[in-house]
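Computed from heavy atoms alone, side chains included, the values below leave out hydrogens, waters and symmetry copies. One is the number of the first residue; the rest follow in order along the sequence.
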Amino acid sequence: MARYVINRLGQAIMLLVIVSAIGFAILHLAPGGPLSQYAASAQMTQEDLDRVTKQLGLDRPLPIQYLDWFGRMVRGDWGRSYRDGEAVLSVIGSHLGATLELMATATIIAALLGCWIGILGALRRYSLFDSLATVGAMIALSIPTFWFGLVMIYVFSVKLGWLPAGNRETVGDGSLLDLLHHLIAPALVLALVETAMWGRFMRSSMLEVINQDYIRTARAKGMPEWRILTLHALRNALLPMITVAGLQFPTVLGGALVAETVFTWPGMGRLFLDSIGYRDYPVVMGILMFSATMVLIGSLLADILYAVVDPRIRVG
């Protein structure tokens, strides 16, 4: 087990290094580069630009810049924002809570609803419910998140007035009820695609389990159907969903970026787009590395947990 964990951890670190190198190169080789916000100012002279270039270390070769940045990042110095000079980690930390709140709520909704739909669809295979669930999943997977978000705002905010159109809370309120009221729309939008995917995976897993020989044996012995489903079928069908949870993490994180933009949710996704618009490259790289780390940790934990509950996976 220890060797398995060490191997997976080594792969994750190597992948993180590759992601950081590619992201750093793309940002610094993009048109405009890190100096574009300074060059746009009419008061900046060429001498001023040369001085800023030297202060930021941009006059050095790109590989040297990367190694210097990576070394400081490993030591905990992720740089400072070009906009206000605040530490990048502080900027990310101030928006992290909103993103985790949205992602956790959407994931819980998607997992509970998706597993229920998947189990019921497997037990009632080819029924009207199963057919409607299949069609609904295909539609949900085909709808862009931003489009569904705009429809949600138009119907439930503009027309009906049931839900707020955006933001995390009402200015001057901030009560728990107000926070939940603002959370409903973006969480449902983010959970839409995830529910469809959880439902399809759960249906496939449940169908595979209920057709196993030990399920037939349990029925032949006269075991009640509810005990077969809860003690044998459901327990084994849920095992692959651990891996699904790890694989879903990047999708949820990417969907959060869109949902936060549509609903002006003050999370990391909104911060990422704002930082790109301001060409605040230290914050952009910080969010990129933080997101990549979260994705790799989620995948690593899912693999380790699956190896714990299913020892056969350790052989691989």
Pairing residues for Asp213 by the salt bridge (Lys or Arg N to Asp or Glu O under 4.0 Å) criterion, not counting sequence neighbours:
Arg216
Would you compute the distance between atom CD of Glu194 and atom OG1 of Thr107 and round it to the nearest 0.5 angstrom?
7.0 Å
Transitively linked via ILVMFWY side-chain contacts under 4.5 Å: Tyr281 with Met285?
yes
Check whether any side-chain N or O of Glu260 sits under 3.5 Å from a backbone N or O of Gly269 as a donor-acceptor pair, and report yes or no.
yes
With hydrophobic residues grouped by side-chain heavy-atom distances under 4.5 Å, do Ile64 and Phe70 end up in a single group?
no
Residues in side-chain hydrogen bond (donor to acceptor under 3.5 Å, both in side chains) with Arg227, at least two apart?
none
Okay, side chain of Trp265, backbone of Ala98: is any donor-acceptor separation there less than 3.5 Å?
yes
More than 12 heavy atoms of other residues, nucleotides or ligands under 6.0 Å from CZ of Arg124: is that the case?
no
Output, in order, the C-alpha distance, side-chain angles, deciding distance and verdict of side chain to side chain contact (heavy atoms under 4.5 Å, CB included) for His182 and Asp178.
CA-CA 6 Å; His182 283 79; Asp178 180 66; 3.2 Å; yes
Treating Thr105 as the side-chain partner and Leu102 as the backbone partner, does any N or O pair qualify as donor plus acceptor under 3.5 Å?
no
Grouping I, L, V, M, F, W and Y whenever their side-chain heavy atoms are under 4.5 Å apart, do Phe146 and Leu188 come out in a common cluster?
yes
With distance as the sole test, does Asp77 use its side chain to make a donor-acceptor pair with the main-chain N or O of Gly79 at under 3.5 Å?
yes
Using only atom types and a distance under 3.5 Å, with no angle test, would you say the side chain of Thr99 pairs donor to acceptor with the backbone of Met268?
yes
Identify all side-chain donor-acceptor contacts of residues 148-165 below 3.5 Å with residues at least two apart in sequence or on another chain.
from	atom 1	to	atom 2	distance (Å)
Ser157	OG	Leu163	O	2.8
Ser157	OG	Pro164	O	3.3

Give the C-alpha distance, both sets of side-chain angles, the deciding distance and a yes or no for side chain to side chain contact (heavy atoms under 4.5 Å, CB included) between Asn236 and Tyr214.
CA-CA 11 Å; Asn236 291 294; Tyr214 65 87; 3.2 Å; yes
Quick one: does any side-chain atom of Gln65 pair with a main-chain N or O of Arg60 as donor and acceptor, under 3.5 Å?
yes
Any side-chain to backbone donor/acceptor pair from Trp78 onto Met73? Under 3.5 Å, distance only.
yes
With a cut-off of 6.0 Å (strictly less than), are more than 12 heavy atoms of other residues, nucleotides or ligands near CZ of Phe201?
no
For Leu15 and Gln11: C-alpha separation, side-chain torsions, deciding distance, then whether side chain to side chain contact (heavy atoms under 4.5 Å, CB included) applies.
CA-CA 6 Å; Leu15 185 58; Gln11 295 172 9; over 6 Å; no
Set out, in order, the CA-CA distance, both residues' side-chain angles and the distance that settles side chain to side chain contact (heavy atoms under 4.5 Å, CB included) for Ile117 and Trp198, then state yes or no.
CA-CA 9 Å; Ile117 293 174; Trp198 275 90; over 6 Å; no
